[in-house]
Amino acid sequence: MIRLGERQTLKCLKIVEFGVYLGENENEKVLLPKKQVKEGTKEGDEIDVFVYRDSSDRLIATVNQPYITLGNMAVLEAKGNSKIGAFLDWGLEKDLFLPFKEQTAPVETGKSYLVSLYIDKSNRLAATMDVHKYMQVAGKYQKDDNVGGIVYDMNRNIGAFVAIENKYYGLIPAKEIHGNVKVGDQISARVTDVRPDGKINLSLNKKAYMQIDEDAQKVLKVIEEYGGELPYGEKVSPQMIQRDFGMSKGAFKRAIGHLYKERKIDIAENCIKMIQEAK
């Protein structure tokens, strides 16, 4: 049986001018185009191929290896959009279709997304960004480990869902997100908790003592860009801090306290001033 979307070994049934037909018998066969047929191939030979559909919706075989196979996941680049969905580069001549209904966020051309490959109701191969069910749990991570991954879904109330190493379930809780995190973003994060079920909670922040120093340098740079005087009072809103610094009000206060202790700033009623020596 010829299996759509999978790598498989098929027998050469017949050699024709435009390629070779592969399969188990004459009733079920697929064409391997001539340009992909190895010189010296003869009837009866077994050939390792991937089977998909060409631009005319016919089954076609290729000796090339796609970036993704049926039921698996891969990070693929978006090549373009249409009225019905997006098209992804999966290493074959015909781009892979990603329907609108299978997108968890708007797809931007040139950006890469984590997807899985499935067979739709019309018996065609398609991609989906709804990959929750494909996520694995991992027991090899520990608290404070640094990991990399890709954001594959967002929920305003829950947080950002991250595929660690493109396959393990991770979550950045909503309270940990400060800044513009989007589906498709490649992120570096710190493990804050490995749950009993093996799922992993993440933070974009470093350990407290390291994060304070980094945040303090960020704050100092912005104050300098304001000409050495930041027009912030004690009642500055969290939204304004988020806009200017990409951090929470709590993190901002810790950074300001750190700078004050190091005598790099003075705090007045309605402004924060950089001390001349700190410039």
Close side-chain approach of Lys199 to Leu171, heavy-atom, < 4.5 Å
no
Drop me the distance from Ile275's CD1 to Tyr260's OH, to the nearest 0.5 angstrom.
8.5 Å
Basic-acidic side-chain contact under 4.0 Å: Asp54, Lys94:
no
So does Lys143 get a backbone contact from the side chain of Arg190, meaning a donor-acceptor N/O pair under 3.5 Å?
no
Exercise: identify the closest heavy-atom pair between Leu59 and Leu4:
CD2-CD1, 3.7 Å
Quick check: is Phe100 connected to Leu125 through a chain of hydrophobic side chains (ILVMFWY, heavy atoms under 4.5 Å apart)?
no
Between Arg53 (side chain only) and Asn123 (backbone N and O only), is there a donor and an acceptor less than 3.5 Å apart?
yes
Verify, without hydrogens or angle tests, whether Gln239 (side chain) and Ser237 (backbone) share a donor-acceptor contact under 3.5 angstrom.
no
Given side chains that start at C-beta, do those of Phe161 and Val131 come closer than 4.5 Å, heavy atoms only?
no
Donor-acceptor side-chain pairing of Asp197 and Tyr169 below 3.5 angstrom:
no
Is the backbone of Ile187 close enough, under 3.5 Å, to the side chain of Asp185 for a donor and an acceptor to pair up by distance?
no
What about Ile68 and Leu88, same hydrophobic cluster or not, with Ile/Leu/Val/Met/Phe/Trp/Tyr joined at side-chain heavy-atom distances under 4.5 Å?
yes
Nearest 0.5 Å, please: how far is CD1 in Ile164 from CD1 in Ile200?
4.0 Å
Heavy atoms only: give me the nearest Thr41-Cys12 pair and the separation to one decimal.
CG2-SG, 4.3 Å
Minimal heavy-atom distance between Gly170 and Leu202, with the atoms involved, is CA-CD1, 4.2 Å
Tyr134 atom OH, neighbour heavy-atom count above 12 within 6.0 Å
yes
Give a yes or no on this: more than 12 heavy atoms of other residues, nucleotides or ligands lie within 6.0 Å of atom CD of Glu93.
no
Could you tell me whether the side chain of Asn64 and the main chain of Gly91 form a donor-acceptor pair under 3.5 Å?
no
For atom NZ of Lys29, decide whether the heavy atoms of other residues, nucleotides or ligands shown that lie under 6.0 angstrom number more than 12.
yes
For the residue pair Tyr152 and His132, categorise the inter-ring angle as parallel (less than 30°), tilted (30 to 60°) or perpendicular (more than 60°).
perpendicular
Under 3.5 Å, side chain of Gln36 to main-chain N/O of Val63, donor-acceptor pair present?
yes
Quick check: do Val147 and Ser188 have side-chain heavy atoms less than 4.5 Å from each other?
no
Check for me, please, whether Ile2 and Val16 land in the same ILVMFWY cluster - side-chain distances under 4.5 Å, paths through other members count.
yes
Applying ring pair (Phe, Tyr, Trp, His ring centres under 6.0 Å) between Trp90 and each of Phe97, Tyr113, Phe50, report the one that passes.
Phe50
A side-chain contact here means heavy atoms from C-beta on lying under 4.5 Å apart; do Phe18 and Leu31 qualify?
yes
Would you check if Ile241 and Tyr232 make a side-chain contact, meaning some heavy-atom pair closer than 4.5 Å?
yes
Transitively linked via ILVMFWY side-chain contacts under 4.5 Å: Tyr67 with Met129?
yes
Any side-chain heavy-atom pair of Asp48 and Arg7 under 4.5 Å:
yes
Could you measure the distance from the OG atom of Ser116 to the CE atom of Met73? Nearest 0.5 Å is fine.
7.0 Å
Between the main-chain N or O of Gly23 and the side-chain N or O of Glu28, is there a donor-acceptor pair closer than 3.5 Å?
no
Short question: side chain of Thr128, backbone of Asp130 - any donor-acceptor pair under 3.5 Å?
yes
Nearest heavy-atom neighbours spanning Val191 and Val194
CG1-CG2, 3.9 Å
ILVMFWY cluster, Ile172 and Met135 together (side-chain gap under 4.5 Å):
no
Taking all non-hydrogen atoms of both residues, which atom of Leu98 and which atom of Glu102 are closest, and how far apart?
CD1-O, 4.0 Å
Rounded distance [0.5 Å steps], CD1 in Ile256 versus NZ in Lys264:
12.0 Å
Tell me whether Thr9 contacts the main-chain N or O of Ile47 through its side chain, where contact means a donor paired with an acceptor under 3.5 Å.
no
Tell me, do Ile265 and Leu220 make a side-chain contact under 4.5 Å, heavy atoms counted?
yes
Atom of Lys79, atom of Thr109 and distance for their closest heavy-atom approach
O-CG2, 3.5 Å
In Å and rounded to the nearest 0.5 Å, what is the CE to CD distance from Met1 to Glu24?
11.5 Å
Heavy-atom check, side chain of Glu176 versus side chain of Asn201, under 4.5 Å:
no
From Asp45 atom CG to Ile15 atom CD1, the distance as rounded to the nearest 0.5 Å:
7.5 Å
Would Arg254 count as a cation-pi partner of Phe252, with NZ or CZ less than 6.0 Å from the six-membered ring centre and within 45° of the ring normal?
no
